[in-house]
Amino acid sequence: MKALILAAVLLAPLPALAQSLALTGPTGQKAILSAADIATLPRVKVTFDDHGTKQNFEGPLLIDVLAKVGTPTGANIHGAELATVVLVTAKDGYQVAIGLAEADPGTRANRIILADRMEGAPLAANAGPFQMVIEGDVRPARSTRMVSAIEVRRLSTGKAADH
Ligand SMILES: Nc1nc2c(c(=O)[nH]1)N[C@H]1C(S)=C(S)[C@@H](COP(=O)(O)O)O[C@H]1N2
Ligand SMILES: [Mo]
């Protein structure tokens, strides 16, 4: 009986966790964001071409999500941070890595968002709760569906020059 109660207590938060996003920042800072947390961030609309079909996605800039775990943004992405990567992992194990500077709207005109809606509706189960959308990508291979974890990792082995 005790074991049963313990199992119920341990398993209860699982459905909620499955809809959340596990973040790890460049110095190991961690956060679990819910869909509601993500929905409070400023929203951006991006049109994406998936095999010739135009799709309208909506969600926060990826950089604004990464900022929640101490990731440098804007003008602070310089020097050694140009060798910092963002590793995106999906529920099915699919993984995509991008350079942190790629996610900075001050560096590139094409934006990267963590979409939670397409054509005004929440994402389908095989795409949501979050899908990384990289504006301007010619093929959708990096358009990671079912994003469940994002880790920011500093790879620099050079001198942390500040310029
Ligand atoms: N989680 C996840 N995202 C993924 C993939 C995948 O296998 N798993 N495949 C990618 C590839 S190779 C392509 S072409 C597109 C396919 O998107 P679609 O199935 O929505 O057309 O999703 C991308 N995102
Ligand atoms: Mo693909």
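Throughout, residue positions are numbered sequentially from 1 according to the sequence presented. Excluded from the calculations below are hydrogen atoms, water molecules and symmetry mates; all remaining heavy atoms, backbone and side chain alike, are included. Numbering of ligands and ligand atoms starts at 1, following listing order. Keep in mind the model is a prediction, meaning the values are calculated, not measured.
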At a 4.0 Å threshold, what atoms of ligand 1 neighbour a non-hydrogen atom of [X]?
X: Thr144; answer: 3 (N), 24 (N)
X: Ala90; answer: 1 (N)
X: Met146; answer: 1 (N)
X: Asp92; answer: 1 (N), 2 (C), 6 (C), 7 (O), 8 (N)

For [atom], what is the nearest protein heavy atom, given as residue, atom name and distance?
atom: atom 21 (O) of ligand 1; answer: Asp50 OD2, 3.4 Å
atom: atom 10 (C) of ligand 1; answer: Tyr94 OH, 3.2 Å
atom: atom 19 (O) of ligand 1; answer: Arg145 NH2, 3.6 Å
atom: atom 15 (C) of ligand 1; answer: Pro140 O, 3.6 Å

When Ile, Leu, Val, Met, Phe, Trp and Tyr are grouped by side-chain heavy atoms lying under 4.5 Å apart, directly or through other members, which residues fall in the same group as Val85?
-> Leu155
Looking only at heavy atoms, is any part of His51 under 4.0 Å from ligand 1, and if so is it the side chain, the backbone, or both, or is it neither?
->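 The answer is the side chain of His51.
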What part of Val147, side chain from CB on, backbone N/CA/C/O, both or neither, has a heavy atom under 4.0 Å from ligand 1?
->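 No part of Val147 is near ligand 1 at this cut-off.
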Hey, does Leu100 have a side-chain heavy atom less than 4.5 Å from the side chain of Ile63?
->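 In contact.
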Using 4.0 Å as the upper bound for N to carboxylate O, is an ion pair formed by Glu119 and Lys54?
->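 Between Glu119 and Lys54 there is no salt bridge, as every charged N stays at least 4.0 Å from the carboxylate O atoms.
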Would a distance-only check, ignoring hydrogens and angles, find a side-chain to backbone donor-acceptor pair under 3.5 Å from Ser156 to Arg154?
-> no
Can you check whether Arg111's main-chain N or O pairs, donor with acceptor, with Glu135's side chain at less than 3.5 Å?
-> yes
Smallest separation among heavy atoms of Phe130 and Gln19, with atom names |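 Scanning both residues, the minimum pair turns out to be CE1-O, 3.9 Å.
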The option among Ser143, Ser148, Ala141 carrying the non-hydrogen atom nearest to atom 11 (C) of ligand 1 is Ala141
Salt bridge (Lys or Arg N to Asp or Glu O under 4.0 Å) contacts touching residues 37-46 (sequence neighbours left out) |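 Qualifying pairs, neighbours excluded: Arg43-Glu58, Arg43-Asp116.
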What residue among Thr53, Val133, Ile113, Asn56 forms side-chain contact (heavy atoms from CB on, under 4.5 Å) with Phe48?
-> Val133
